[in-house]
Amino acid sequence: MNNAIIVPSTLLLTLLLSVGLLFFIRASTKDRTTKAELVSEQDEAALIPKVKEYFDRRSYQVTAIDTQNNQVTFEGFVQPSLFLALFLTLLASAGMACLGLVLSLLFPNFGTWFLGLLLLSPLSGVFYWQKAGRFEKVSLHIEEANQAQAGFISKVTIIAHRDELMEFQRALQLKSGD
């Protein structure tokens, strides 16, 4: 085999994978706020204390109450995930090791100097940790369900982070109203 062709093509593929890794690390901190309509078999009076208890347990504070629209806004600090920070650091380490190995094959005079790129991998975990820890807002609106949604008494419209929505739906045993 001809190394004059193999190593540069491997470098190209490794650089493309590195770009994908950088976008993956950047996307780990992306805001994923979505809106969901959920329904409950409980009436408003029974549901409101459970909602308040849920958000108190999750360390959210009430920041605004709109009585005209029957809407409440909560705010709370979301901690970054230690597992995800370590996982991103591990992925960056693997990517930097591959890039360093290919560069050391392409430029043998510099030898193992390119493996020093491994020292940059903890920056991905630090980047995630700084960007992922932030204040999240949750907007909540509870009303009576439409007559078409037989068997359901209350309709909850919530705007929150995707993960918070799933946990909220699971904790309060709400069904999707879509």
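Quick caveat: nothing in here was measured; it's all calculated off a predicted structure.
The closest side-chain heavy-atom distance from Ile142 to Ile48 is below 4.5 Å. In this structure, Ser104 and Leu101 have side chains that are in contact, with non-hydrogen atoms separated by less than 4.5 Å. Inter-residue side-chain proximity for Val156 and Leu140 is flagged as met; some heavy-atom pair is nearer than 4.5 Å. Contact of the Val62 side chain with the Thr73 side chain is not registered, since no non-hydrogen atoms from C-beta on lie closer than 4.5 Å. Side-chain contact between Ser176 and Gln169: present, with at least one pair of heavy atoms (C-beta onward) separated by less than 4.5 Å. Between Leu88 and Phe24 the shortest side-chain heavy-atom distance falls below 4.5 Å.
Phe77 CZ: more than 12 foreign heavy atoms inside a 6.0 Å radius. Atom CD of Glu167 has more than 12 heavy atoms from other residues, nucleotides or ligands within 6.0 Å. Applying the 6.0 Å contact sphere to CZ of Phe87 captures no more than 12 heavy atoms from other residues, nucleotides or ligands. Crowding of Gln61 atom CD: a count of heavy atoms from other residues, nucleotides or ligands under 6.0 Å not exceeding 12. For Arg26, the CZ atom is loosely surrounded, since the number of other residues' heavy atoms within 6.0 Å does not exceed 12.
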side-chain hydrogen bond (donor to acceptor under 3.5 Å, both in side chains) between Ser40 and Ser154, worked out: CA-CA 5 Å; Ser40 173; Ser154 298; 5.4 Å; no
Using side-chain contact (heavy atoms from CB on, under 4.5 Å), reason through Val39 and Ile153 one step at a time and then give a plain yes or no. CA-CA 7 Å; Val39 290; Ile153 299 172; over 6 Å; no
Is there a side-chain contact (heavy atoms from CB on, under 4.5 Å) between Met96 and Ser18 once you walk through the steps? CA-CA 8 Å; Met96 292 297 176; Ser18 298; over 6 Å; no
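Placement of Leu117 and Leu106 within a single hydrophobic cluster is found when ILVMFWY residues are connected by side-chain heavy-atom separations under 4.5 Å, directly or transitively. Under the 4.5 Å side-chain heavy-atom criterion for Ile, Leu, Val, Met, Phe, Trp and Tyr, Leu91 and Val102 are members of distinct hydrophobic clusters. Hydrophobic clustering (side-chain heavy atoms under 4.5 Å, transitive across Ile, Leu, Val, Met, Phe, Trp, Tyr) groups Val7 together with Leu103. Val72 and Ile159 end up in different hydrophobic clusters when Ile, Leu, Val, Met, Phe, Trp and Tyr side chains are linked at under 4.5 Å. Two different hydrophobic clusters hold Ile6 and Leu12 under the rule that ILVMFWY side chains link at heavy-atom gaps under 4.5 Å.
Taken to the nearest 0.5 Å, the CZ atom of Phe168 stands 6.5 Å off from the CG atom of Leu38. One distance of note links SG of Cys98 with CG of Leu11; it measures 12.0 Å at 0.5 Å rounding. Separating the CG atom in Leu123 from the CD atom in Gln130 is a distance of 9.5 Å, to the nearest 0.5 Å. Taken to the nearest 0.5 Å, the CG atom of Leu99 stands 10.5 Å off from the CG atom of Leu21. Here the NZ atom belonging to Lys35 is positioned 12.0 Å from the CD1 atom belonging to Ile158, to the nearest 0.5 angstrom. Between the CG atom in Asp163 and the CZ atom in Arg32 there is a gap of 8.5 Å [rounded to 0.5 Å].
Closest non-hydrogen pair, Pro80 versus Ala132, comes out as CB-CB, 3.8 Å. In terms of heavy atoms, Tyr128 sits closest to Ser81 at OH-N, 3.0 Å. For Glu164 against Val138, the heavy-atom pair with the smallest separation is CG-CG2, 4.4 Å. Minimum interatomic distance between Thr89 and Ala85 (heavy atoms only, all atoms of both residues): OG1-O, 2.8 Å. Thr29 and Arg134 get closest at one heavy-atom pair: O-NH1, 3.2 Å. When every heavy atom of Ile25 is checked against every heavy atom of Ala92, the shortest pair comes out as CD1-CB, 4.3 Å.
For Tyr60 and Phe55, the distance between ring centers is under 6.0 angstrom.
Aromatic ring orientation, Phe107 versus Phe110: perpendicular (interplanar angle above 60°, classes split at 30° and 60°).
Ion pairing between a basic and an acidic side chain is recognised when a charged N comes within 4.0 Å of a carboxylate O; Glu53 and Lys50 show no such pairing.
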